[in-house]
Visitor: 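Right, I'll just put the structure down here and ask away after.
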Amino acid sequence: MIWNEKAECDNIDDRKVQQLYNLKKLVRHVYESVPFYTKKFDELGVKPDDIQSLADIAKLPFTTKDDMRETYPYGLLAVNEKDIVEIHTSSGTTGTPVLGAYTKDDLAMWSEVMARCLCMAGGTPDDVVQNAYGYGMFTGGLGVHYGSHTLGCNTIPAASGNTKRQLMLMRDFKSTILTCTPSYSLYMAEAAKEMGIDFRDLSLKSGIFGAEPWSDNMRKEIEEKLNLQAYDIYGLTEIVGPGVSNECEAHDGLHINEDHFYPEIINPETGEVLPEGEKGELVFTTITREGTPIIRYRTRDITWLWHDQCSCGRTTVKMHRLLGRTDDMLILRGVNVFPSQIENVLMRIEGTEPHYQIVVDRGESHLDEVELHVEVEPGFFSDETKSLEKIRAKIAQEIKQELGIAVIIKLVEPKSIARSEGKAKRVIDKRTL
Amino acid sequence: MKVKQISVFLENKNGRLAEVTRILAEKNISLRAMTIADTADFGILRIIVEQPDKCLELLKENNFTARVTEVIGVRLDDKPGALHDVMQVFEDNAVNIEYLYSTLMLMDDKVVIMFKVDDIDHGLDIIKKNGMEAITAF
């Protein structure tokens with residue numbers, strides 16, 4: 001089923017007219033009401049009237065994650081504070097977060113795009129959606145929740161974790177759609193085996209998996225083990241949360257809800273807009289957002305865009321499953337992690353600059369297993385195992401606090417971490433997706 | 001009268017200990033005592049050698065994390081109860097032993113036990129006062 005035929009199957013030219021209308025309105029509004037954008041526009045010498053076609057968007061400044069951090073909390077707010085009905089912040093870190101603020105209309109828009117995504121994954125009002133994304137400041141939980149309500153599904157706010165209960169809920173309430181990270185779904189599969197639960201006896205038909213990179217191989221494995229159809233979903237707090245794009249039954253790219261999130265692909269080095277079909281950095285402008293609208297947000301995600309005559313009937317532009325990042329951000333168990341955060345923790349603990357390496361793998365549990373190798377510098381080498389163990393425990397605890405995930409700390413010999421041209425390779429990602 | 005012990009950090013992987021012994025062999029450094037403390041991931045090799053300063057230098061040159069730790073070497077008669085006598089003295093005087101190990105050979109028919117204690121000066125003092133013999137070096 002298609003949730004909003006008018007929007008999703010619209011004639012492409014008609015959609016462009018609507019996009020341009022919304023873009024012009026947005027640009028004028030942020031120029032007049034968000035000092036951050038007034039300044040950015042003025043620096044480039046661009047005025048709202050300069051936007052006469054969609055291609056003119058290239059004249060506008062980019063917004064980066066750093067911009068969003070620097071303007072935290074309310075520096076990007078485009079409405080009165082009293083019109084905000086909900087806020088979310090980016091996942092994972094205890095550093096300065098990134099804010100997404102929602103007006104009532106923003107929540108309605110979010111619910112709408114998320115309802116579309118559920119439909120793309122085969123959802124109907126008769127479905128029972130078991131939502132195992134984390135609830136709270138993370139957008140995953142509530143975003144899916146709102147969409148599921150809007151579609152009219154019975155919504156089970158299971159949240160993440162407590163795997164035995166997940167399986168029990170699935171069995172007792174005959175959940176038909178599961179939403180969670182792809183790795184967690186495989187973890188559930190293992191747990192089910194131990195509990196003697198066979199997914200063929202359950203009612204799941206679809207799974208909507210996101211917040212983590214995964215691959216077609218992993219899709220096959222998930223589909224086999226959980227006896228369902230697996231769909232990729234994409235979203236980010238900076239834009240709206242989950243619901244930016246989703247796969248349809250063709251499983252050939254993710255349809256972007258482009259009437260709300262205008263996408264571009266740019267050359268990450270030069271910032272130049274690339275033609276459709278070329279690989280580059282994905283950039284979004286939230287053309288209908290009220291609370292915290294963002295002009296040309298640089299996602300750092302690498303992909304490409306194309307239009308085709310999709311068998312599902314939707315005419316919206318598609319993005320390819322993510323191909324990588326332009327920065328060194330890692331996604332570990334759905335949490336965004338930058339190696340620099342780990343460096344900060346280590347420097348804080350030892351007062352030195354220890355060498356380290358992050359090794360990520362998916363073990364038998366299918367969840368990301370993260371090892372942090374820290375070289376033992378003469379400065380903190382003690383003759384006693386117990387004091388080394390104490391240092392190790394301290395690093396583990398501080399990392400857990402900083403990143404919100406448990407990491408195995410391994411002390412290694414100095415210079416044992418491979419260096420190329422004097423620079424250590426910070427991340428070894430062994431995950432086969 | 002403290003003895004310089006060299007402590008070396010070793011990752012738990014093949015060939016690391018052999019790398020240390022290779023360095024010592026090549027430079028003709030004699031081992032007098034040794035022990036390894038190990039955990040699941042790493043070990044600490046503790047050795048007593050004839051030329052501790054040179055040994056430390058060599059290990060550092062070869063990228064090992066190593067340091068000097070001071071320990072007490074107590075010479076004991078090779079007879080039952082000799083070790084206990086020392087332990088009793090330490091216990092009576094509240095000297096806390098962190099670890100101990102013995103040398104690789106007898107010295108003049110006597111056994112030498114290496115003690116790492118919390119307060120080395122106090123420890124040495126106690127040994128002397130109780131008429132026991134602490135060695136200076138090998």
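This one's a predicted model, so the numbers in the text were calculated from it and none came from an experiment. Only heavy atoms go into these numbers, but all of them, side chains included; no hydrogens, no water, no symmetry mates. A note on names: the letters A, B, ... follow the listed sequences, proteins ahead of strands, and every chain is numbered from 1.
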Visitor: Looking at A:Val412, A:Leu411, A:Leu388, which has the largest count of heavy-atom pairs under 4.5 Å with chain B?
Guide: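 That would be A:Val412.
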
Visitor: Taking non-hydrogen atoms and a cut-off under 4.5 angstrom, which of residues 9-19 of chain B neighbour chain A?
Guide: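 Under the 4.5 Å heavy-atom cut-off, B:Phe9, B:Leu10, B:Glu11, B:Lys13, B:Arg16 qualify.
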
Visitor: Taking B:Thr39, B:Thr65, B:Asn63, B:Asp41 one by one, which has the highest count of heavy-atom pairs under 4.5 Å against chain A?
Guide: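 Greatest number of close heavy-atom pairs with chain A: B:Thr65.
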
Visitor: For B:Val8, is it the side chain, the backbone, both, or neither that has a heavy atom closer than 4.5 Å to a heavy atom of chain A?
Guide: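 Contact with chain A involves the backbone of B:Val8 alone.
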
Visitor: For A:Asn162 and A:Gln166, which I'm curious about, is there any donor-acceptor pair between the side chains at under 3.5 Å?
Guide: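 No pair is found: no donor N or O on one side chain lies under 3.5 Å from an acceptor on the other.
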
Visitor: Which is it for B:Lys128 and B:Asp125 under the salt bridge (Lys or Arg N to Asp or Glu O under 4.0 Å) test, yes or no, and what are the steps along the way?
Guide: CA-CA 5 Å; B:Lys128 251 187 280 174; B:Asp125 208 34; 5.2 Å; no

Visitor: Flag yes if more than 12 heavy atoms outside B:Lys54 fall under 6.0 Å of its NZ atom; otherwise flag no.
Guide: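 More than 12 heavy atoms, drawn from other residues, nucleotides or ligands, come within 6.0 Å of this atom.
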
Visitor: For the pair B:Asp53 and B:Lys4, find out whether any cationic side-chain nitrogen is under 4.0 Å from an anionic carboxylate oxygen.
Guide: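 A salt bridge is present here (some side-chain N lies under 4.0 Å from a carboxylate O).
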
Visitor: Within the distance-only criterion (no hydrogens, no angle test), does the side chain of A:Arg165 pair as donor or acceptor with the backbone N or O of A:Ala158 below 3.5 angstrom?
Guide: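 Confirmed, A:Arg165 side chain pairs with A:Ala158 backbone.
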
Visitor: Measuring from B:Thr21:OG1 to B:Ile29:CD1, what's the distance to the nearest 0.5 Å?
Guide: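 B:Thr21 OG1 to B:Ile29 CD1: 12.0 Å, rounded to 0.5 Å.
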
Visitor: Taking only distance into account, with no hydrogens and no angle test, what donor-acceptor pairs under 3.5 Å do side-chain atoms of residues 112-120 of chain B form with protein atoms, sequence neighbours excluded?
Guide:
from: B:Lys116; atom 1: NZ; to: B:Glu98; atom 2: OE1; distance (Å): 2.7
from: B:Asp118; atom 1: OD1; to: B:Asn96; atom 2: N; distance (Å): 3.1
from: B:Asp119; atom 1: OD1; to: B:Asp121; atom 2: N; distance (Å): 3.4
from: B:Asp119; atom 1: OD1; to: B:His122; atom 2: N; distance (Å): 3.2

